Amino acid sequence: MKAYVLIDVSQKQEYIFKNTKLKDNLYHSAIIKAVTEKIPDEILNKHIPIPVTLSGYLKAMNVNDNRIYSGGGTSIIEFDSVETAKKFVRGYSLEVIKAYPDLELYISMVSEEGLNLENFQELRRELDKKLDEIKDKRKARFRRWTYGIEKINQVGKAQEVKIDQNPSKDDDQPKEHYIWARDFLSNRLKPEINDHVEITHELQDFKRRNEEKKTYIGVISIDGNKMGEMVNKLSDYESHQQFSRAIDTIYLKAVAKALNDHAREELLHVTPIVLAGDDICLIVPAEKAIPIAKQIIENIHKSLTDNQVEYATLQKVLGQNETLTACGGVAIVKVTYPFFDAVKKAEALCKNSKELLYRNASPNGTEGGVKSASFIDWEITQGQVISEEGFEAYVKHRNEEANFHIKPLRIDQTLHYQEGTFSYQAFEKMINRISCQIKEGNVSNSTLEQIKKHMYHGWQEYQLFFDKKQTEAAQLVITMVDELFKEHHVNTTLGTIHDPETNTYMYILNDVLEALPFFLQKEGV
């Protein structure tokens with residue numbers, strides 16, 4: 001009687017980012033991938049500086065690779081008998097615990113008895129159900145960080161007191177571990193990128209040379225929309241494998257194409273943190289982060305016209321005139337900012353984009369005539385740890401309310417503004433037009449700061465600033481915004497959209513002016 005085993009790791013982020021060094025993060029990320037997914041033979045046959053891998057253990061048990069579905073940090077393995085499956089579960093879990101005691105590995109198992117194995121959905125539901133039952137039994141973990149009197153480390157935890165150690169001893173992993181982790185995570189991306197894209201695991205590589213300005217990086221998080229719904233439409237094991245491979249290929253090519261397009265004339269550093277199916281996390285230079293994230297999502301949206309093989313596979317789960325969509329978040333922070341916090345920020349922004357997608361959905365599950373849409377959100381953090389005071393502090397002025405954000409922006413929307421949602425196309429046009437005026441000397445940074453300052457003081461003061469026509473440059477900027485939206489029959493006043501029912505003013509320019517300095521760096525201004 002056949003048996004099936006599901007392998008999954010919980011608390012992935014806590015394990016990956018338990019140390020503050022990027023090298024350690026990459027190494028721990030590679031460990032999770034190695035213990036939960038198949039490793040290609042060309043890598044498995046080389047020296048791997050970690051003691052336990054899923055592929056290596058299954059190879060020792062003579063389990064055929066064709067019986068493994070693997071992807072996105074999980075694997076489902078088919079065994080010939082329940083006894084063999086139990087032997088694997090006991091042996092493999094023990095080896096993983098011994099090798100990686102901090103890793104939370106969970107394994108569930110079901111036999112074919114009473115199951116319709118031709119229906120993959122039923123099999124996956126049973127495996128997930130048993131896995132959840134195991135996770136529910138785990139004990140809560142409590143950890144004292146500090147009593148408030150110990151010396152603390154970079155992330156605010158109590159610094160560990162080391163006993164009986166050589167002060168010169170380095171606790172870091174050996175250099176070959178980092179090299180392997182870097183190559184293991186990026187070996188699939190390397191063949192797809194050109195010579196102007198350089199994969200690095202050193203954050204210092206993102207620092208600008210011979211410049212006094214503080215360097216920023218962009219952490220990009222991208223996640224596919226409605227993947228669970230599509231997977232639930234697949235009824236057999238083979239279709240699930242084909243779907244997983246198609247998604248993996250589409251997302252990888254979307255990332256590579258975006259990186260190549262933004263590295264045509266100069267070297268572009270990139271650090272891949274996660275490349276697992278529809279789950280993407282990258283580090284890129286801050287001035288290219290928003291455009292790269294937007295283009296990756298756009299490439300995913302257009303992927304079915306460029307990849308006919310994958311399109312044939314995805315036709316099984318996509319409706320008529322439906323395409324793939326994704327949402328993204330970008331955290332722009334200083335290169336010295338705590339890396340784990342930046343990743344969490346990017347993922348939260350990606351989640352915020354997805355929430356907007358569902359808020360805008362119509363009762364029948366469609367939005368704008370399609371089942372899904374692509375959104376992008378970002379945040380620029382100037383401070384090291386504590387974010388600056390948010391714009392929400394300025395939302396109430398007498399009997400009026402102010403909204404300073406137009407993001408998240410919809411990428412696949414042709415109209416500049418539709419039912420409360422702004423398009424990325426409108427944002428991009430505003431950035432380009434203002435940049436041109438700055439280059440030509442018609443608009444200065446001080447003018448833009450004046451506009452921003454008067455936004456925060458309420459509509460009356462903001463309106464008075466332009467009525468006095470103190471500067472032609474400020475009037476030029478506002479006129480450009482109003483004319484841009486007038487092209488799409490949207491009535492704006494001094495770069496704002498007013499809702500008379502709630503007496504709310506939406507200031508279109510705030511997000512544009514905040515992101516503008518990074519686009520100007522890209523343009524060399």
Side-chain angles (χ1 to χ4, degrees), residues 1-12 15 28-139 180 184 231 234 236-241 244-245 248 276-277:
M1 182 186 300
K2 291 183 180 179
Y4 294 83
V5 167
L6 172 64
I7 297 176
D8 185 44
V9 168
S10 186
Q11 307 290 339
K12 293 184 180 73
Y15 182 77
H28 296 149
S29 179
I31 286 176
I32 290 178
K33 198 169 182 66
V35 300
T36 59
E37 297 184 32
K38 286 194 301 184
I39 298 178
D41 289 338
E42 60 269 21
I43 298 178
L44 187 63
N45 293 334
K46 296 179 181 179
H47 171 63
I48 298 180
I50 61 174
V52 181
T53 67
L54 177 61
S55 293
Y57 197 88
L58 291 173
K59 192 172 184 180
M61 290 185 64
N62 295 318
V63 175
N64 192 336
D65 269 3
N66 293 331
R67 296 184 178 181
I68 305 171
Y69 157 70
S70 189
T74 62
S75 284
I76 298 175
I77 309 163
E78 177 188 306
F79 291 92
D80 289 328
S81 65
V82 175
E83 290 73 21
T84 307
K86 288 181 177 180
K87 180 182 177 182
F88 165 79
V89 172
R90 287 192 296 265
Y92 188 63
S93 59
L94 179 61
E95 292 300 319
V96 171
I97 290 173
K98 289 192 296 184
Y100 323 108
D102 291 342
L103 191 68
E104 285 195 15
L105 182 75
Y106 292 90
I107 306 177
S108 63
M109 184 188 76
V110 297
S111 66
E112 64 179 347
E113 184 178 4
L115 289 177
N116 177 13
L117 295 182
E118 293 182 359
N119 189 332
F120 184 82
Q121 299 174 33
E122 183 179 349
L123 172 63
R124 185 63 191 256
R125 278 196 299 268
E126 286 298 316
L127 286 168
D128 286 337
K129 180 181 176 182
K130 288 189 176 292
L131 198 70
D132 290 338
E133 290 173 358
I134 297 171
K135 289 182 178 181
D136 289 341
K137 293 178 182 178
R138 67 182 173 187
K139 294 182 180 180
W180 169 80
F184 180 63
V231 169
L234 301 169
D236 61 89
Y237 196 83
E238 184 179 355
S239 295
H240 199 284
Q241 286 182 312
S244 178
R245 285 194 292 265
D248 210 40

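Quantities reported herein were computed from a predicted structural model and do not represent experimental measurements. Atom set for the values below is all heavy atoms of this structure, side chains included, hydrogens, waters and symmetry mates excluded.
In terms of heavy atoms, Lys130 sits closest to Met109 at CD-O, 3.2 Å. Ser75 and Glu37 make their closest contact through OG-CA, 3.5 Å (heavy atoms, listed as atom of the first residue, atom of the second, distance). The minimum heavy-atom distance linking Gly277 with Asp248 is given by the pair N-OD1, 3.0 Å.
Atoms CD1 and CG, on Ile7 and Leu131 in that order, are 10.5 Å from each other to the nearest 0.5 Å. Here the CG atom belonging to Asp102 is positioned 10.0 Å from the CD1 atom belonging to Ile31, to the nearest 0.5 angstrom. In this structure, Leu54 CG and Lys33 NZ are separated by 12.0 Å, a value rounded to the nearest 0.5 Å. Distance check: Thr36 OG1 to Ile107 CD1 gives 11.0 Å after rounding to the nearest 0.5 Å. Taken from OG in Ser10 to CG in Leu105, the straight-line distance is 10.0 Å, to the nearest 0.5 Å. Ile76 CD1 to Tyr4 OH: the interatomic distance, rounded to the nearest 0.5 Å, is 10.0 Å.
Taking the six-membered ring for Trp, Phe88 and Phe79 have ring centres closer than 6.0 Å.
Pairs engaging residues 84-97 under the side-chain hydrogen bond (donor to acceptor under 3.5 Å, both in side chains) rule: Ser81-Thr84, Glu95-Lys98 [sequence neighbours left out].
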Pair Val9-Tyr106, side chain to side chain contact (heavy atoms under 4.5 Å, CB included): steps then yes or no: CA-CA 6 Å; Val9 168; Tyr106 292 90; over 6 Å; no

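Checked by atom type and distance alone, the side chain of Tyr100 pairs as donor or acceptor with a backbone atom of Val52 at under 3.5 Å.
Scored by the side chain to side chain contact (heavy atoms under 4.5 Å, CB included) test, Asp132 finds no partners at all (sequence neighbours excluded).
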